[in-house]
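First the structure, in the form of structure tokens, and then the observations on it.
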Amino acid sequence: MNWLEGNTDYYSSEYLTGMEMAYPERWKKLIGEKNSAALIRRRPASDRPVVIISGGAANGPLFPGYVGEGLADAAVVGGAYSAPNAYAIYETGKYIDSGHGVLLLYNNFAGDYLNNDMAAELLAMDGIPVESVWTTDDIASALGEEKSARSGRTGIALMIKLAGSCLSEGYTLHQAAELLRKANERTATLSMRVDFSDRKVYYGEGFSGEPGYMIAPCTDMGSLARQATEMICKDLKPARGERLTLLVNRMRMTSYSDSFMMTRRVLEVLSREYNVIRTRTANYSNIIDIYGFDITVMKTDAEMEHHLRSDIATDSFMI
């Protein structure tokens with residue numbers, strides 16, 4: 001929330017201006033309309049398809065913080081917790097496309113899906129090749145329904161890296177989209193919020209007020225990690241000894257040290273049965289002002305591991 005400016009356009013325009021001013025060699029603000037703004041790489045890719053990510057603002061560093069070398073070419077954001085409008089996505093794609101096409105990547109929420117779908121239609125009408133991929137890694141959403149009905153969560157951070165890497169190595173637009181769809185099917189995320197006032201942990205709450213699907217006593221970090229990991233593995237069903245990538249996201253009120261304590265405990269649980277080949281811990285998505293974590297696990301194969309192997313450092317995190 002913007003506590004000082006009192007400006008309803010703050011999230012969609014003003015802070016992107018600040019990002020451009022702070023790192024002019026890296027970023028450029030393209031669109032700055034009310035509740036729909038776009039940030040692009042200062043030099044978008046010209047020899048391959050481009051990646052556009054999008055979603056509601058206020059979840060920094062998602063999505064503008066993922067614009068950069070090896071990640072996305074542009075991010076289009078709406079107001080706080082609101083999808084950007086379709087025309088902002090379309091205009092961004094039309095502006096940065098170099099003739100190789102546009103990959104639209106976003107979390108599966110109704111507004112994001114509808115507006116990206118419309119943007120894809122508009123791009124296609126202009127003769128621009130386009131592929132759309134939406135992530136569905138939140139295991140606490142759409143309970144009892146198919147995975148395709150779920151919302152996306154923090155797993156999109158790994159998907160952005162996969163997209164940037166494979167396209168930089170010569171994948172076609174279609175090949176990149178197929179890799180991302182495969183990765184999405186192999187990714188699961190569970191959130192947990194700790195309420196110290198009632199000494200309880202809430203598993204699976206949505207950031208728009210959706211209730212979680214389990215409440216348990218808050219005892220110690222090890223028990224939280226064990227419970228979350230068991231729920232994720234029950235859903236994801238990795239085979240014994242399978243190779244996994246782990247991402248631990250800390251929320252706004254969670255300390256740096258606590259995030260690595262949680263990482264240690266999750267790794268201790270996972271390593272009993274699985275082969276965790278890569279671990280990353282940082283502030284990947286600040287959903288709301290809470291103490292808590294997102295735990296993301298991806299079942300990786302050789303192709304995915306190849307594209308996740310390098311380290312990319314941004315102004316906010318390493319992935």
Open item on the list: Once side chain to side chain contact (heavy atoms under 4.5 Å, CB included) is applied, do any residues pair with R272, and if so which ones, sequence neighbours excluded?
Closed with: V269
- [ ] Compare every heavy atom of C218 with every heavy atom of V194, then report the nearest pair and how far apart it is.
- [x] CG1-SG, 3.6 Å
Open item on the list: Using only atom types and a distance under 3.5 Å, with no angle test, would you say the side chain of D112 pairs donor to acceptor with the backbone of A83?
Closed with: no
Open item on the list: If you apply the rule side-chain contact (heavy atoms from CB on, under 4.5 Å), what do you find for N249 with T296, and how did you get there?
Closed with: CA-CA 8 Å; N249 174 56; T296 298; over 6 Å; no
Task: Contact summary for L173 and G101, nearest pair of heavy atoms - done: CD2-CA, 4.2 Å
- [ ] Would you indicate whether E69, at its atom CD, is surrounded by more than 12 heavy atoms from other residues, nucleotides or ligands within a distance under 6.0 Å?
- [x] no
Task: Backbone of S46 reached by a side-chain donor or acceptor of S98 within 3.5 Å - done: yes
Open item on the list: I'd like to know if the side chain of T229 and the backbone of R226 have a donor-acceptor N/O pair within less than 3.5 Å.
Closed with: no
Open item on the list: Is any side-chain heavy atom of Q227 closer than 4.5 Å to one of M192?
Closed with: no
Task: Minimal non-hydrogen separation, V201 against P217, with atom names - done: CG1-O, 4.1 Å
TODO: Any pair with a residue in residues 236-267 that passes ring pair (Phe, Tyr, Trp, His ring centres under 6.0 Å), sequence neighbours left out, goes on the list, sorted by first then second residue, please.
DONE: Y256-F260
Task: A225: partners by side chain to side chain contact (heavy atoms under 4.5 Å, CB included), with sequence neighbours left out - done: M262, R265, V266
- [ ] Determine whether I160 and L179 fall in the same hydrophobic cluster, where Ile, Leu, Val, Met, Phe, Trp and Tyr are linked whenever their side-chain heavy atoms lie under 4.5 Å apart.
- [x] yes
Hey, can you pull the donor-acceptor pairs under 3.5 Å for the side chains in residues 311-319, sequence neighbours left out?
unit_1	atom_1	unit_2	atom_2	d
D311	OD1	R278	NH2	2.8
D311	OD1	R280	NH2	2.4
T314	OG1	S316	N	3.0
T314	OG1	F317	N	3.1
T314	OG1	F317	O	3.2

- [ ] Write out all pairs satisfying side-chain hydrogen bond (donor to acceptor under 3.5 Å, both in side chains) with one or both partners inside residues 128-141, taking only residues at least two apart or from two chains.
- [x] N107-T135, E131-H174, E131-R181, T136-N184, D137-T189
Open item on the list: I'd like to know if R264 pairs up with E268 as an ion pair, taking the criterion as any Lys NZ or Arg NE/NH1/NH2 lying under 4.0 Å from an Asp or Glu carboxylate oxygen.
Closed with: yes
- [ ] Treat each ILVMFWY residue as a node, draw an edge where side-chain heavy atoms are under 4.5 Å apart, and state whether I89 and M118 are in one component.
- [x] yes
Task: ring-ring contact (aromatic ring centres under 6.0 Å, His included) partners of Y202, counting only residues at least two apart - done: none
Open item on the list: Please find the pair of heavy atoms, one from A57 and one from G78, that lie closest to each other, and give the distance.
Closed with: CB-O, 3.2 Å
- [ ] Please check if Y15 and I53 belong to a single hydrophobic cluster, counting links between Ile, Leu, Val, Met, Phe, Trp and Tyr side chain heavy atoms closer than 4.5 Å.
- [x] yes
Task: R243 side, atom CZ; T300 side, atom OG1 - distance, nearest 0.5 Å - done: 6.5 Å
Open item on the list: Regarding D73 and R41, does a basic nitrogen lie under 4.0 Å from an acidic carboxylate oxygen?
Closed with: yes
TODO: Could I get the full list of ring-ring contact (aromatic ring centres under 6.0 Å, His included) partners for F63, not counting sequence neighbours?
DONE: none
- [ ] Examine distances only and state if a side-chain atom of T279 and a backbone atom of L246 form a donor-acceptor pair shorter than 3.5 Å.
- [x] no
Open item on the list: Please tell me whether L244 and F293 are part of a single hydrophobic cluster in this structure, the criterion being side-chain heavy atoms less than 4.5 Å apart.
Closed with: yes
Open item on the list: Using side-chain contact (heavy atoms from CB on, under 4.5 Å), reason through R186 and M304 one step at a time and then give a plain yes or no.
Closed with: CA-CA 11 Å; R186 301 164 66 98; M304 293 155 62; 4.0 Å; yes
Task: Student check: side-chain heavy atoms of C233 and V297 closer than 4.5 Å - done: no
Open item on the list: Checking Y23 now: which residues fulfil ring-ring contact (aromatic ring centres under 6.0 Å, His included) with it, not counting sequence neighbours?
Closed with: W27
Task: Worked verdict on V76 versus I31 for side-chain contact (heavy atoms from CB on, under 4.5 Å) - done: CA-CA 9 Å; V76 187; I31 298 171; 5.9 Å; no
- [ ] Sequence neighbours left out, what pairs pass side-chain hydrogen bond (donor to acceptor under 3.5 Å, both in side chains) with at least one residue falling in residues 146-156?
- [x] R150-D235, R153-D294, T154-D294
Open item on the list: Quick check: do L190 and Y213 have side-chain heavy atoms less than 4.5 Å from each other?
Closed with: yes
TODO: Would you give the length of the straight line joining atom CD1 of I277 to atom CZ of R309, rounded to the nearest 0.5 angstrom?
DONE: 12.0 Å
Task: Residue from I40, I96, L103, L104 passing side chain to side chain contact (heavy atoms under 4.5 Å, CB included) with V50 - done: I96
Task: Set of side chain to side chain contact (heavy atoms under 4.5 Å, CB included) partners for I128, sequence neighbours left out - done: K94, D97, V102, L123, D126
Task: Residues forming a salt bridge (charged side-chain N to carboxylate O under 4.0 Å, His left out) with D258, sequence neighbours excluded - done: none
Task: Greater than 12 external heavy atoms within 6.0 Å of Y291's OH - done: yes
Task: Linked, directly or transitively: L224 and M253 (ILVMFWY side chains, under 4.5 Å) - done: yes
TODO: Let me see the working for H307 and E169 under side-chain contact (heavy atoms from CB on, under 4.5 Å), right down to the final yes or no.
DONE: CA-CA 9 Å; H307 292 296; E169 293 193 7; 3.5 Å; yes
- [ ] Measure across A74 and V67 and return the closest heavy-atom pair with its distance rounded to 0.1 Å.
- [x] C-CG2, 3.7 Å
- [ ] Answer whether the closest heavy-atom distance between the side chains of T245 and L247 falls below 4.5 Å.
- [x] no
Task: Main-chain N/O of S310 paired to K161 side chain as donor or acceptor, under 3.5 Å - done: yes
Open item on the list: Going by the rule side chain to side chain donor-acceptor pair (under 3.5 Å), which residues pair with R42 if we only count those two or more places apart in sequence or in a different chain?
Closed with: E20
Task: Exam field: side chain Y66 to backbone Y284, donor-acceptor pair closer than 3.5 Å - done: yes
Open item on the list: So does K200 get a backbone contact from the side chain of D195, meaning a donor-acceptor N/O pair under 3.5 Å?
Closed with: no
Open item on the list: Show the nearest heavy-atom pair for residues L308 and M298, with the distance to one decimal.
Closed with: CD1-SD, 4.0 Å
